[in-house]
K.L.:
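Got a structure for you, written out below as structure tokens; questions coming shortly.
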Amino acid sequence: MNDRLASRAAIVEASLDDRDQTAIVEALRRGRLDALARAFDRWHQRVRVLARRLLSDDAAAEDVVQEVFAALPRAIQRFRGEVGLETFLLAIAVKRARHHRRAAARRRRALARLACEDRLGPRDPEQDAYRLQLGRRLRAALDRLPMPQRVAFVLCVVEELSSAQAAAIAAVPEATVRTRLFHARRRLRGLLDGERER
Amino acid sequence: MKRPPSALEAGVRAFRELTASPADGAATRARVLGRAGGETARRSALRRAALAIAAGLAALSSASAAWTIGARHRAAVSVTLAAESAPARLLGGGRPVRLIPPAAADAVADAAATQPTADAEAATYGRAHRAHFVEDAPTRALAAWDDYLEAYPAGVFAPEARYNRALCLVRLGRFGAAARALRPFAADAREGYRRAEARLLLDWIRERREPVEAERTAPAAPQAARPALDDR
């Protein structure tokens, strides 16, 4: 009984979500500024997190967030509703992140030289130092991946999206996503193992 | 030696946590909305300007088209003067009178202007009289009356020629020029048939011109797009 209620609630919630999204899309098409604000409030965290994972740089990620939502009023004119608005936004973010990748890498190298490593998470004295180290090692390994492989890995493994969703965001066939993911996993394992052996 | 896969998975979990810290993005939000607001304002300003230009062009072309249609309509109306009407009696001796549209009259007048004129005053007057009263050709008659008056401004038949010329102008729909030509006769101190007829014709012309004048003073009507009746 509870399962049925939960299922119905989920259906109602999804329906409301769709209607809300449709309303936002329609308002954006009419150039309404309040719709852009609503879209930002709803999806900026999602876009920012993906950008961080693709760029490993908070400042560059913030630039991507700004560019994605600044481009939205124009980009929405070509939105056909074949994917959700979130997927549409993440696809823009992936495209924009490619342009920021070199700048982000340069910035990170400079910070490393100055020994003031940018902080990716909140400082927590209880933070497990080993896990923090693991996370930073993976980040460093991701930086050495080609961007298409990094996109596939972040979307499918870190973001835990399906290969179909990842394909929609990366604007490539699903099979390509799976191939890139395979190569990314193999290379990351190699990089992490190599570090460990050093 | 093969490493356990959990190393990568642990790294992924740690990386996920490291990169998932929320940010309010308030500054970015303000920049995005500010930029979009500026673009919206620019676009709406451009749209308003484009609409104003389009509306102006549409009004201009509509007014021009309306004037053309109206001119045709007025010309079409002007050809039907009933036989029993006072102007028809004055202009055509009781016959139904056909008024010629100004554009057509111009073409005929151009053709008439190329015709040779006689030297003698009587011959000149006779030709104009024939064109007017026998051939019932007001365009040619007007040209002939003009020839006569140009050659003999103080001739024996000058008053008659001027009056007949005014009648021709009425028949050709050149009401402004006709009114100017008829006014001296209407204002003549001497009582006569020409004064009475001139006043009658002036009243009739005024009735016809009032709607034209009202249309001319309407705000949407472009002055430059229509021919000036008074100047003809």
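As the structure is a computational prediction, the values presented were derived from the model and not from experiment.
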K.L.:
Which region of A/Gln45, side chain (C-beta onward) or backbone (N, CA, C, O), has a non-hydrogen atom less than 4.5 Å from a non-hydrogen atom of chain B, or is it both or neither?
P.N.:
side chain
K.L.:
Could you walk me through whether B/Phe15 and A/Val158 satisfy the side chain to side chain contact (heavy atoms under 4.5 Å, CB included) test, starting with their C-alpha distance in whole Å, then the side-chain angles of each, then the deciding distance to 0.1 Å, before giving a yes or no?
P.N.:
CA-CA 8 Å; B/Phe15 180 69; A/Val158 183; 4.0 Å; yes
K.L.:
Nearest 0.5 Å, what's the CG-CG distance between A/Leu134 and B/Leu18?
P.N.:
9.5 Å
K.L.:
Just verifying a value: how many Å separate A/Leu138 CG and B/Glu9 CD, rounded to the nearest 0.5 Å?
P.N.:
11.5 Å
K.L.:
Heavy-atom distances under 4.5 Å only: say whether A/Phe40 touches chain B with side chain, backbone, both or neither.
P.N.:
side chain
K.L.:
With a 4.5 angstrom heavy-atom cut-off, could you sort out which part of B/Arg16 is near chain A: side chain, backbone, both or neither?
P.N.:
both
K.L.:
Can you name the nearest heavy-atom pair linking B/Arg29 to A/Ala37, along with the distance?
P.N.:
NH2-CB, 3.4 Å
K.L.:
With rounding to the nearest 0.5 Å, note down the distance linking CD in A/Glu62 to OG1 in B/Thr28.
P.N.:
3.5 Å
K.L.:
Using the rule given for side chain to side chain contact (heavy atoms under 4.5 Å, CB included), can you reason through B/Leu8 versus A/Phe153, listing the C-alpha separation, both sets of side-chain angles and the distance that settles it, and then say yes or no?
P.N.:
CA-CA 12 Å; B/Leu8 179 61; A/Phe153 184 83; 4.1 Å; yes
K.L.:
Check each atom of A/Arg53 against the heavy atoms of chain B and say whether the ones under 4.5 Å are side chain, backbone, both or neither.
P.N.:
both
K.L.:
Which atoms of A/Leu50 come close to chain B, meaning under 4.5 Å heavy atom to heavy atom: side chain ones, backbone ones, both, or neither?
P.N.:
neither
K.L.:
Would one find more than 12 heavy atoms of other residues, nucleotides or ligands at under 6.0 Å from atom CD of A/Gln77?
P.N.:
yes
